[in-house]
Participant: 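This is the structure I want to talk about, given as structure tokens.
In this text the structure is predicted, and so the values were computed from the model without any measurement.
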Amino acid sequence: MTDKNKTARNAQATLRGEHWGIRRLLPFLGPAFIAAVAYIDPGNFATNITAGSKYGYLLLWVIVISNVMAVLIQTLSAKLGIATRKNLPEVARERLPRVVSIFLWVQAELVIIATDLAEFIGAALGLYLLFHVDLVLAAVLTAIASFAILEVQRRGFRSFEVVIVLMVFVVVLAFAVQTFLVKPDLAAMTKSIFIPRFQGTDSILLAAGILGATVMPHAIYLHSSLTQNRVVGKNEKESKQIFKFEFIDIIIAMVIAGAINMSMLVVSAALFYKHGLFVEDLQQAFTELHHYVGPVASISFGLGLLIAGLSSSAVGTLSGDIVMQGFIKKKINLYMRRAITMIPPLLIIILGVNPTNALVMSQVILSFGIAFALVPLILFTSNPKIMGALVNHRVTTILAWIVASLVVVLNVFLLWETLFPDL
């Protein structure tokens with residue numbers, strides 16, 4: 001029996017009320033964890049560590065708010081797939097003029113290339129830091145590992161989900177170890193989580209960077225694809241039940257992703273900020289962790305970076321396949337796609353460009369794509385002709401537009417300050 005048939009059978013048993021407890025939820029767990037990988041990619045390492053080292057715990061509340069926004073956004077994406085049995089690019093192709101669909105596809109591909117840049121470089125840097133191998137060799141090893149993860153997808157989506165979930169929990173353990181070792185100030189953490197504050201323009205810029213690294217366009221496209229045919233409701237009542245279970249999946253996955261991001265900033269604040277170190281470079285972060293805390297902390301940091309890069313890179317490749325198929329009804333071999341998207345990060349590494357700087361610039365490129373994913377998503381999920389019984393409530397739509405407006409404004413600010421810092 002295939003993964004799809006087995007999952008569908010177990011899900012239908014749950015919908016009929018035959019399963020109880022955690023067993024009811026199991027068939028529906030997985031899609032949100034794959035999407036959540038986009039929220040813990042190496043770009044987050046760079047922004048969170050910079051923010052923690054410069055402002056201590058000050059911007060923890062930004063991560064919390066970003067995560068709440070992510071829950072809403074991923075919920076809309078998952079709901080679109082459940083209601084329509086189509087992913088966001090497919091709905092856009094059917095509902096929008098062809099020239100618009102082609103434009104959306106081109107910008108989505110550029111966003112995914114930028115995403116893969118951050119993820120691939122992050123994984124290669126993790127190997128370099130852990131095993132002291134040449135960075136170019138680390139990049140080659142990363143490429144091999146990336147192909148190995150793609151091979152898992154051929155065994156079925158459940159196998160792929162299990163591998164991704166295990167990788168996420170390795171990152172969780174890595175940052176749990178670091179957080180324990182640096183002994184953060186719990187009172188300062190609590191205060192910064194619940195009291196929004198800024199300290200000048202630079203802190204606003206970093207807040208926009210954190211948000212830009214958290215809300216990922218390709219995760220919006222991806223989640224609708226993961227839910228569109230995974231478990232199909234026979235009627236609107238079953239679709240609503242499926243959505244409720246998927247929402248639990250989203251909450252669990254986003255809480256874990258949020259905890260990882262908060263841990264990154266907390267470790268940086270508790271160690272670097274405390275010692276007066278402004279750390280923007282991931283290699284420097286690794287070195288200082290080793291110097292001040294010891295090899296266990298630095299190794300767990302490098303391992304977290306490596307695993308986050310590999311897992312998010314695999315998910316990025318899957319997203320690229322979805323946007324091409326959805327927007328223009330074309331498809332290329334996943335291995336060919338993986339090979340093509342490896343070229344830019346390999347060139348950057350070979351040319352000796354600073355990996356952390358490349359990570360930061362990739363986040364700037366990502367900023368361009370957020371509105372092009374968010375706006376169609378809100379328009380479609382607010383349309384009763386498209387969504388049926390799962391159409392957004394009015395309050396949900398209002399909140400979604402507020403979130404979209406805030407995300408777009410902050411990312412425009414981020415772009416302006418990055419491209420024109422002296423104006």
Participant: Does the ring centre of Y57 sit less than 6.0 Å away from the ring centre of Y273?
Facilitator: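 No; Y57 has its ring centre 6.0 Å or more from that of Y273.
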Participant: Contact between Q74 and Y39 at the side-chain level, heavy atoms closer than 4.5 Å - yes or no?
Facilitator: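 Counting from C-beta outward, Q74 and Y39 do come under 4.5 Å.
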Participant: Give the minimum heavy-atom separation between T179 and P184, together with the two atoms involved.
Facilitator: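 Shortest heavy-atom separation between T179 and P184 comes out as O-CD, 3.1 Å.
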Participant: Under the criterion side-chain contact (heavy atoms from CB on, under 4.5 Å), I'd like the reasoning laid out for I370 against F372: C-alpha separation, chi angles, the key distance, then a yes or no.
Facilitator: CA-CA 6 Å; I370 291 176; F372 296 116; over 6 Å; no
Participant: For F169, check ring-ring contact (aromatic ring centres under 6.0 Å, His included) against everything at least two apart and list the hits.
Facilitator: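 Per chain and number, F169 pairs via ring-ring contact (aromatic ring centres under 6.0 Å, His included) with no residue.
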Participant: Check L390 against A83 and note the closest heavy-atom contact, atom names and distance.
Facilitator: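 Looks like CD1-CB, 3.8 Å.
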Participant: Can you list everything that forms a side chain to side chain donor-acceptor pair (under 3.5 Å) with R93? Sequence neighbours excluded, please.
Facilitator: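 Listed in chain order: nothing, the list is empty.
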Participant: Please enumerate all residues that pass ring-ring contact (aromatic ring centres under 6.0 Å, His included) together with H275, with sequence neighbours excluded.
Facilitator: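 ring-ring contact (aromatic ring centres under 6.0 Å, His included) check on H275 returns Y292.
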Participant: With E288, which residues qualify under salt bridge (Lys or Arg N to Asp or Glu O under 4.0 Å), at least two apart?
Facilitator: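 Scan of E288 (salt bridge (Lys or Arg N to Asp or Glu O under 4.0 Å), adjacent residues dropped) gives none.
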Participant: Taking atom CG of L135 and atom CD1 of I350, what is their separation to the nearest 0.5 Å?
Facilitator: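 So the gap between those two atoms works out to 10.0 Å.
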Participant: Taking all heavy atoms of F120 and all of A139, pick out the closest pair and write down the distance.
Facilitator: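 Looking at all heavy atoms of both residues, the closest pair is CZ-O, 3.3 Å.
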Participant: Do L125 and Y128 have side chains that approach each other closer than 4.5 Å (heavy atoms only, starting at C-beta)?
Facilitator: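 A side-chain contact exists here, since the closest heavy-atom pair is under 4.5 Å.
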Participant: For S382, give me all partners under side chain to side chain donor-acceptor pair (under 3.5 Å), at least two apart in sequence or on another chain.
Facilitator: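 If we apply the side chain to side chain donor-acceptor pair (under 3.5 Å) test to S382, skipping adjacent residues, the hits are N392, T397.
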Participant: Calculate, to the nearest 0.5 Å, the distance between atoms NE2 and CD1 belonging to H218 and I113 respectively.
Facilitator: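 Going from the NE2 atom of H218 to the CD1 atom of I113 covers 13.0 Å.
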Participant: Would you mind reporting whether F198 and L58 have side-chain heavy atoms less than 4.5 Å apart?
Facilitator: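 L58 does not reach F198 side chain to side chain.
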Participant: Given the side-chain rings of F286 and F45, with only the six-membered ring counted for Trp, is the space between their centroids under 6.0 Å?
Facilitator: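 No, they do not, as the ring centres are separated by 6.0 Å or more.
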Participant: Quick one: do N48 and I210 satisfy side-chain contact (heavy atoms from CB on, under 4.5 Å)? Show the steps, please.
Facilitator: CA-CA 7 Å; N48 291 330; I210 291 172; 3.9 Å; yes
Participant: Kindly compute the distance separating OG1 (T50) from CE (M264), expressed to the nearest 0.5 Å.
Facilitator: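 Atom-to-atom, T50:OG1 and M264:CE are 12.0 Å apart.
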Participant: Taking C-beta and beyond as the side chain, do L29 and F245 meet within less than 4.5 Å on heavy atoms?
Facilitator: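 Counting from C-beta outward, L29 and F245 never come under 4.5 Å.
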Participant: Decide side-chain contact (heavy atoms from CB on, under 4.5 Å) for F175 and V266; before the verdict, give the C-alpha distance in whole Å, the side-chain angles of both, and the deciding distance to 0.1 Å.
Facilitator: CA-CA 10 Å; F175 277 94; V266 164; over 6 Å; no
Participant: Sequence neighbours excluded and cut-off under 3.5 Å, please list the side-chain donor-acceptor pairs for residues 303-316, or say none.
Facilitator:
residue: S311; atom: OG; partner: I307; partner atom: O; Å: 2.9
residue: S311; atom: OG; partner: A308; partner atom: O; Å: 3.2
residue: S312; atom: OG; partner: A308; partner atom: O; Å: 2.5
residue: S312; atom: OG; partner: G309; partner atom: O; Å: 3.3
residue: S313; atom: OG; partner: D116; partner atom: OD1; Å: 3.1
residue: S313; atom: OG; partner: R338; partner atom: NH1; Å: 2.2

Participant: Give the intermediate values and the outcome of side-chain contact (heavy atoms from CB on, under 4.5 Å) for residues F243 and T75.
Facilitator: CA-CA 9 Å; F243 172 64; T75 297; 3.5 Å; yes
Participant: In the structure I gave you, are the side-chain heavy atoms of T47 and L206 within less than 4.5 Å of one another anywhere?
Facilitator: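 Of all side-chain heavy-atom pairs linking L206 with T47, none is under 4.5 Å.
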Participant: Give every donor-acceptor pair under 3.5 Å between a side-chain atom in residues 247-257 and any protein atom, sequence neighbours left out.
Facilitator:
residue: D249; atom: OD1; partner: G30; partner atom: N; Å: 3.3
residue: D249; atom: OD2; partner: G30; partner atom: N; Å: 3.4
residue: D249; atom: OD2; partner: A32; partner atom: N; Å: 2.9

Participant: What closest approach, in Å, do A124 and A138 show between heavy atoms, and which atom pair accounts for it?
Facilitator: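 Heavy-atom minimum between the residues: O-CB, 3.3 Å.
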Participant: Between P295 and H290, which heavy-atom pair has the shortest distance, and what is it?
Facilitator: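 Looking at all heavy atoms of both residues, the shortest contact is CA-CD2, 3.6 Å.
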Participant: Just how far is it from atom CZ of F380 to atom CG of L88, taken to the nearest 0.5 Å?
Facilitator: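 Interatomic distance, F380 CZ to L88 CG, rounded to 0.5 Å: 6.5 Å.
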Participant: Can you list everything that forms a side chain to side chain contact (heavy atoms under 4.5 Å, CB included) with Q228? Sequence neighbours excluded, please.
Facilitator: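 Result, side chain to side chain contact (heavy atoms under 4.5 Å, CB included) vs Q228: N87, E90, S225.
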Participant: A quick test of your reading: do over 12 heavy atoms of other residues, nucleotides or ligands sit less than 6.0 Å from OH of Y55?
Facilitator: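 It does: Y55 OH has more than 12 such atoms within range.
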Participant: First locate atom CG of D321, then atom NZ of K331, and finally report the distance between them rounded to the nearest 0.5 Å.
Facilitator: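 So the gap between those two atoms works out to 3.5 Å.
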Participant: Are the side chains of L80 and T84 in touch, meaning some heavy atoms are under 4.5 Å apart?
Facilitator: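 Yes, at least one pair of side-chain atoms sits under 4.5 Å.
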Participant: By side chain to side chain donor-acceptor pair (under 3.5 Å), which residues pair with K183, not counting sequence neighbours?
Facilitator: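 Scan of K183 (side chain to side chain donor-acceptor pair (under 3.5 Å), adjacent residues dropped) gives none.
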Participant: For Y221, what residues pass the ring-ring contact (aromatic ring centres under 6.0 Å, His included) criterion, not counting sequence neighbours?
Facilitator: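 Partners of Y221 by the ring-ring contact (aromatic ring centres under 6.0 Å, His included) criterion, ordered by chain and then number, come out as F327.
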Participant: Within the distance-only criterion (no hydrogens, no angle test), does the side chain of R337 pair as donor or acceptor with the backbone N or O of G320 below 3.5 angstrom?
Facilitator: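 Pair found, side chain donor or acceptor close to backbone of G320.
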Participant: Looking at F194, I'd like to know if its CZ atom is crowded, meaning that more than 12 non-hydrogen atoms belonging to other residues, nucleotides or ligands lie closer than 6.0 Å.
Facilitator: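 Check fails, neighbour count at 12 or below.
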Participant: Are L399 and V395 close enough that some pair of their side-chain heavy atoms sits under 4.5 Å apart?
Facilitator: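 In contact.
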Participant: With a 4.5 Å cut-off on side-chain heavy atoms, are Q178 and S263 touching?
Facilitator: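 Side chain of S263 against side chain of Q178, heavy atoms only: no contact under 4.5 Å found.
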Participant: Please enumerate all residues that pass side chain to side chain donor-acceptor pair (under 3.5 Å) together with D202, with sequence neighbours excluded.
Facilitator: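 Partners of D202 by the side chain to side chain donor-acceptor pair (under 3.5 Å) criterion, ordered by chain and then number, come out as K54.
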Participant: Taking all heavy atoms of S268 and all of S53, pick out the closest pair and write down the distance.
Facilitator: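 It is OG-N, 2.9 Å.
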Participant: Does atom CZ of F180 have more than 12 heavy-atom neighbours, drawn from other residues, nucleotides or ligands, at distances under 6.0 Å?
Facilitator: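 No - once you tally the heavy atoms of other residues, nucleotides and ligands closer than 6.0 Å, there are 12 at most.
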Participant: Just how far is it from atom CG of L60 to atom CG of L265, taken to the nearest 0.5 Å?
Facilitator: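 So the CG of L60 and the CG of L265 are separated by 5.0 Å.
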Participant: Holding to ring-ring contact (aromatic ring centres under 6.0 Å, His included), I want the full list of residues that pass it with F131, two or more places apart in sequence or in another chain.
Facilitator: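 Not a single residue meets the ring-ring contact (aromatic ring centres under 6.0 Å, His included) criterion with F131.
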